[in-house]
Amino acid sequence: MSDWRMRAEAHRAVRILRVVEEAEGVSTLYFGDALCRKAQPGQFIMVWPPGAEEVPMSLSTIGGESSITVKAVGPTSRRLTSLGEGDLIMIRGPFGRGFTLMGEKPLLVAGGTGVAPIKPLVEEMLSRGLKPTLILGARTKDRLLFLNRLRRLLGSKLHIATDDGSLGFSGPASKYAERLLDEGCFDAVYACGPEAMMAALYRAAERRGLPIQVSLERYMKCAIGLCGSCAIGPYRVCRDGPVFNGEMLRRVLDEFGRRRLDPSGRSTPLEE
Amino acid sequence: MSDWRMRAEAHRAVRILRVVEEAEGVSTLYFGDALCRKAQPGQFIMVWPPGAEEVPMSLSTIGGESSITVKAVGPTSRRLTSLGEGDLIMIRGPFGRGFTLMGEKPLLVAGGTGVAPIKPLVEEMLSRGLKPTLILGARTKDRLLFLNRLRRLLGSKLHIATDDGSLGFSGPASKYAERLLDEGCFDAVYACGPEAMMAALYRAAERRGLPIQVSLERYMKCAIGLCGSCAIGPYRVCRDGPVFNGEMLRRVLDEFGRRRLDPSGRSTPLEE
Amino acid sequence: MAEIRLAIEIAGLNLRNPVMNAAGILGLTADLLRRVYEEGAGAVVTKSIGLKPRMGHPNPTVAIVEGGLINAMGLPNPGVEYFLGELEKLKAGGIPVVASFFGETLDEFVEVASRLSEAGVDALELNCSCPNVEGVGILGSDPGAVKRVTEAVKGCVDKPLFVKLSPNVSDITEIARAAERGGADGLTAVNTLRAIALSIEARRPILSNVTGGLSGPALKPVALRCVWEIYEAVEIPIIGCGGITTWRDAVEYLLAGASALQVGTAIMTRGLRVFREINMGLRNYLEENGFREVSELVGLAHES
Amino acid sequence: MAEIRLAIEIAGLNLRNPVMNAAGILGLTADLLRRVYEEGAGAVVTKSIGLKPRMGHPNPTVAIVEGGLINAMGLPNPGVEYFLGELEKLKAGGIPVVASFFGETLDEFVEVASRLSEAGVDALELNCSCPNVEGVGILGSDPGAVKRVTEAVKGCVDKPLFVKLSPNVSDITEIARAAERGGADGLTAVNTLRAIALSIEARRPILSNVTGGLSGPALKPVALRCVWEIYEAVEIPIIGCGGITTWRDAVEYLLAGASALQVGTAIMTRGLRVFREINMGLRNYLEENGFREVSELVGLAHES
Ligand SMILES: Cc1cc2nc3c(=O)[nH]c(=O)nc-3n(C[C@H](O)[C@H](O)[C@H](O)COP(=O)(O)OP(=O)(O)OC[C@H]3O[C@@H](n4cnc5c(N)ncnc54)[C@H](O)[C@@H]3O)c2cc1C
Ligand SMILES: Cc1cc2nc3c(=O)[nH]c(=O)nc-3n(C[C@H](O)[C@H](O)[C@H](O)COP(=O)(O)OP(=O)(O)OC[C@H]3O[C@@H](n4cnc5c(N)ncnc54)[C@H](O)[C@@H]3O)c2cc1C
Ligand SMILES: Cc1cc2nc3c(=O)[nH]c(=O)nc-3n(C[C@H](O)[C@H](O)[C@H](O)COP(=O)(O)O)c2cc1C
Ligand SMILES: Cc1cc2nc3c(=O)[nH]c(=O)nc-3n(C[C@H](O)[C@H](O)[C@H](O)COP(=O)(O)O)c2cc1C
Ligand code: FES
Ligand code: FES
């Protein structure tokens with residue numbers, strides 16, 4: 001009877017089970033939720049710490065427990081990273097279309113908190129017998145997220161790139177990716193991170209005729225495909241995305257990596 | 001998503017498949033409906049021929065096809081008996097609690113259109129391996145409903161009683177029932193018909209310590225247990241009934257066979 | 001651990017718990033209302049009683065829609081004279097009774113209220129919001145009329161008087177304040193939303209009265225908003241009503257500002273056990289959240 | 001067998017079918033509205049555009065309830081100046097566009113409408129019913145104000161003007177007639193019902209704006225009643241809106257008196273395929289019931 005209130009779109013309260021600080025200002029919040037358990041890697045939820053705003057966050061753990069990995073960049077994300085065990089957050093979701101598995105030997109590239117949706121994707125790929133290679137990028141070695149966990153999962157298939165060269169490749173992950181793409185025999189590319197990085201990877205993949213999927217971020221209000229505030233071209237990031245494939249990206253090249261809507265609906269240049 | 005509009009309580013349109021005249025002014029209307037298929041014998045539906053009122057009718061066939069058997073007594077029942085193949089009626093239900101199977105050798109007594117819910121009960125009992133005996137009563141032989149069908153089902157276990165003696169026992173079915181109860185070794189009594197008849201049978205069963213179930217009629221508006229217009233004592237005929245057992249009847253002896261509420265909620269003597 | 005109490009006090013009434021049946025739900029006879037009380041209600045509310053017996057509208061009088069029910073019963077009732085007999089039976093059982101009533105003129109309102117009051121009911125509920133009856137329905141959206149009727153009735157009865165409000169108005173706080181100024185001891189919020197159901201096969205409205213009142217979960221968000229707004233506008237207590245089906249709904253109404261609750265349509269979906277279910281859920285919620293009394297929840301969401 | 005036509009004519013507009021998106025649904029950009037048209041809508045409706053850009057309310061701006069959705073977006077929009085660019089792109093595609101607009105003063109209404117009109121939209125929809133903005137929301141329940149605004153706008157534009165009505169009023173026919181007298185070419189009925197959603201765990205309202213507007217199936221019976229009543233009160237055509245999810249809902253609105261339809265919340269539950277689904281269902285219904293055109297259904301249930 002309570003059909004609608006059982007929908008994924010409905011708000012529900014969850015208690016934080018524990019918080020793990022991943023790097024300075026970046027924390028993972030664990031919680032239990034029946035619907036998030038069954039999410040696809042790449043899907044996101046709307047998270048509302050009462051008293052603050054509601055914001056989109058990718059699921060960084062999918063399984064018996066769920067988690068989000070939050071980087072403190074403003075009022076709401078700071079509020080989230082200040083929460084502790086037992087605190088209550090309201091969530092709704094999971095929303096959007098996650099990653100689709102393609103190929104046998106995919107190359108994954110994660111920049112900064114962009115690793116959040118990539119981690120459960122790696123886990124999913126491994127459980128399905130694919131052979132993923134991941135380039136984990138960050139500004140410095142201290143800001144590499146989930147390093148131990150990913151090393152355990154991937155062994156030598158984990159590559160590191162830092163902007164300052166404090167670990168692994170010195171320079172942007174996308175540049176390192178181009179090198180690997182030329183060396184290895186990858187058959188698909190996945191990316192999540194700064195949009196400029198993803199745009200570079202898109203071009204790299206297109207040049208090589210490789211299928212690609214990237215996860216985009218846009219300003220979100222409703223997250224249920226109605227309000228249009230997350231528009232990029234004919235797509236709603238909240239519903240048609242957040243994961244975009246090459247075919248979709250080709251239709252939004254004037255915006256991808258370049259422009260986004262502000263909360264009033266005006267197109268503004270992307271600065272990251 | 002359309003959870004509520006799929007509920008049994010919601011109106012739906014059905015087309016009449018065929019009409020069988022059972023006696024003068026009494027017709028059976030057949031139709032197909034997924035929810036009525038799964039009804040229990042004794043349950044009823046609300047039937048609304050658009051343009052007329054909506055009235056309660058017992059299901060007289062339960063199975064691949066459903067039916068109601070209507071006696072023309074006033075405007076709406078006359079409208080119903082005038083309908084033909086392909087005509088549209090709106091229905092909701094099935095409602096209420098039907099008959100519960102008790103004993104191995106039950107005696108069933110049906111008077112007039114009271115046979116409507118008794119026919120599917122006989123069919124159910126036979127399919128469960130019980131050995132029902134039925135007394136079918138009516139004013140005259142021409143008014144005996146479902147005679148052939150019941151004879152086929154019951155053979156010598158079908159007894160007839162007519163007020164004018166034109167077939168079978170001459171006199172009220174309840175009187176004949178008392179005789180059979182004294183002769184046979186029945187272990188339960190079921191009845192549907194004029195309330196005076198059912199009251200007599202109730203007393204007969206009580207005297208003999210036999211369990212009894214009867215199906216009552218009261219004025220109905222909502223049929224969903226809210227408005228209270230079908231009240232008899234602490235019960236709603238539409239929801240707690242229409243089938244009452246001995247224990248329930250014992251609590252309403254000042255009304256059973258005697259009084260009922262009129263549509264305004266005033267208790268008035270029963271005249272039948 | 002401290003003991004959890006479900007008992008409440010509202011407008012001078014002491015009730016064992018805050019959950020009643022809504023007016024018009026099973027309120028035609030003493031026997032049915034006694035059963036409602038035995039099933040766990042804190043008080044019982046009668047059908048709206050008028051001066052003369054009324055048969056109500058012809059069937060169909062109800063139609064199911066997504067998340068709710070539309071009814072147009074047309075205020076069938078046996079008339080006050082007859083109903084005094086039912087009240088006598090009820091009061092013999094010591095059950096707290098709220099008598100709902102209506103009139104088609106101001107004098108009728110006063111006369112019916114006086115007679116019910118003399119019969120010893122514990123409180124009165126003035127139904128000025130039934131959307132289905134001409135001359136009565138209109139009352140609910142005119143603050144001046146609401147104040148006058150409330151005043152007239154209060155002048156002749158010595159029982160707590162609740163005024164039941166209609167949600168079919170532009171600004172419910174205006175009507176609420178009018179009732180308060182007229183001397184109401186409390187407000188019941190709300191009655192049903194005016195609505196319609198059509199059959200596309202019959203190509204006509206389902207209800208014989210064409211329009212009716214929407215109740216059930218579909219009504220809840222609007223009713224809850226009414227309670228919220230009224231709580232900020234008046235000082236007198238509120239009985240929340242509209243779509244309450246589970247203890248969660250009950251807690252929402254209390255947090256929004258209701259001091260007591262009425263349940264109608266949920267008796268269709270949950271059955272009469274709904275009173276026990278809600279009270280059990282309420283008790284657990286109080287316990288798990290460190291409260292001891294229902295009254296501690298009332299209006300709490302306004303403080304956030 | 002005769003050919004079935006879904007095409008309609010409403011207030012001088014010729015549309016390939018009667019189903020549009022509702023205002024505020026995907027109407028922020030030309031690209032999204034083009035997609036709505038490609039998915040099968042007969043015309044597209046823009047987000048309500050005001051004079052100045054607005055960011056809208058902070059999140060949470062939506063909450064799910066039984067049978068519906070409550071939103072308080074707070075009319076985010078890029079402002080008319082910016083939006084002319086989007087309209088240009090849309091019109092380049094030859095898509096029929098209804099521009100929804102609002103103002104916070106009478107002059108703003110006129111200015112925004114004039115600029116949209118000059119930009120070549122096919123029709124205008126005056127949003128005087130958004131319950132979420134002070135100074136604007138109130139307009140919707142005052143017949144005098146509705147007539148004045150309608151008149152003022154009609155005096156300055158040469159495009160068909162629809163006035164979108166609020167259901168949060170005591171008597172919607174009064175407002176409908178005021179709009180008609182003001183010169184409206186049609187009415188859109190209705191906007192959302194004022195509502196609230198609370199979290200019993202957070203013990204506070206979910207929406208940052210506290211109250212919001214209820215849309216979806218829970219709104220439908222009330223919206224359908226509004227269309228029914230308006231149809232009997234005015235001569236100008238009605239666009240029905242509120243909870244339309246399936247072709248059955250669409251047929252109900254047509255039978256109640258709507259000449260065209262708008263779909264909002266169902267895009268959440270059914271996705272953008274809802275336009276094709278409804279049109280296919282409509283076509284089948286017409287065929288099976290011996291009709292040839294959508295217009296034959298309009299208001300038919302009033303004749304029964
Ligand atoms: C699909 C998706 C997945 C995301 N996943 C993560 C994640 O896993 N981890 C993470 O740390 N961050 C993630 N983000 C970004 C996160 O939503 C923002 O960092 C957060 O909203 C910042 O809010 P604030 O109040 O702390 O900062 P503000 O100072 O308000 O804003 C900082 C930045 O966040 C953006 N932002 C603010 N509100 C929203 C909103 N409602 N929708 C979209 N962007 C917003 C602003 O536009 C600005 O660019 C994701 C965003 C999207 C769209
Ligand atoms: C549970 C139940 C099962 C029934 N099953 C059958 C059946 O299988 N076959 C059959 O022929 N009849 C059945 N009836 C009786 C049937 O409902 C009435 O005969 C019918 O309503 C008469 O309506 P009318 O307009 O033709 O007559 P009216 O002239 O309006 O009334 C004739 C009689 O029917 C009663 N009646 C009218 N409307 C209602 C109503 N809404 N609810 C209850 N009684 C009403 C009146 O009180 C009066 O006693 C049943 C009644 C109930 C309560
Ligand atoms: C069948 C029915 C009959 C009703 N009769 C009355 C009535 O007589 N007087 C009244 O004030 N309200 C009446 N109501 C309205 C209810 O008291 C209540 O306000 C409404 O149903 C909303 O509550 P709910 O959603 O819990 O049902 C009736 C409602 C229903 C469904
Ligand atoms: C997210 C959202 C935004 C809306 N924005 C507007 C708006 O800007 N202008 C307007 O007139 N109505 C707006 N509405 C109301 C819709 O146009 C429509 O009237 C209402 O949602 C009822 O239709 P539905 O039940 O099909 O959604 C909005 C509704 C929603 C859900
Ligand atoms: S946030 Fe994507 S459509 Fe509203
Ligand atoms: S008919 Fe309404 S309670 Fe039985």
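All chains are named by letter (A, B, ...) in the order of the sequence lines, taking the proteins before the strands, and each is independently numbered beginning at 1.
- Of the listed residues C/V222, C/D171, C/L214, the one with more heavy-atom pairs under 4.5 angstrom with chain D than any other is C/V222.
- Most heavy-atom pairs under 4.5 Å with chain C: of the set D/I172, D/V210, D/L254, this distinction falls to D/V210.
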Go through the steps to decide whether C/N168 and D/R225 satisfy the test side-chain contact (heavy atoms from CB on, under 4.5 Å), and finish with yes or no.
CA-CA 12 Å; C/N168 302 296; D/R225 183 265 300 168; 4.2 Å; yes

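- Contact count versus chain C (heavy atoms, under 4.5 Å) is highest, among D/L255, D/I196, D/N289, for D/I196.
- Applying the side-chain contact (heavy atoms from CB on, under 4.5 Å) test between C/R203 and each of D/L297, D/L300, D/V251 identifies D/L300 as the sole match.
- Proximity to chain D is absent for every atom of C/A63, based on heavy atoms less than 4.5 angstrom apart.
- Ranked by non-hydrogen atom pairs under 4.5 Å with chain C, the options D/I200, D/L198, D/L219, D/V169 are led by D/I200.
- Looking at D/V227, there are no atoms closer than 4.5 Å to chain C (heavy atoms on both sides), in backbone or side chain.
- The parts of D/L224 that come within reach of chain C are both its backbone and its side chain, each placing non-hydrogen atoms under 4.5 angstrom from that chain.
- Of the listed residues (D/G68, D/P205, D/A197, D/S199), the one with the most heavy-atom contacts under 4.5 Å to chain C is D/P205.
- D/E229 touches chain C through its side chain: at least one heavy atom from C-beta onward sits under 4.5 Å away, while N, CA, C and O do not.
- For C/V65, the part lying near chain D is the side chain, with the backbone staying farther off; criterion is any non-hydrogen pair under 4.5 Å.
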Check the pair C/L193, D/L193 against side-chain contact (heavy atoms from CB on, under 4.5 Å), reporting the backbone distance first and the verdict last.
CA-CA 10 Å; C/L193 274 168; D/L193 273 169; 3.9 Å; yes

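- Contact count against chain C (heavy-atom pairs under 4.5 Å) is highest for D/E201 among D/E201, D/K220, D/E303.
- Contact record, C/A301 with D/R204: CB-CA, 4.0 Å, taken as the closest heavy-atom pair.
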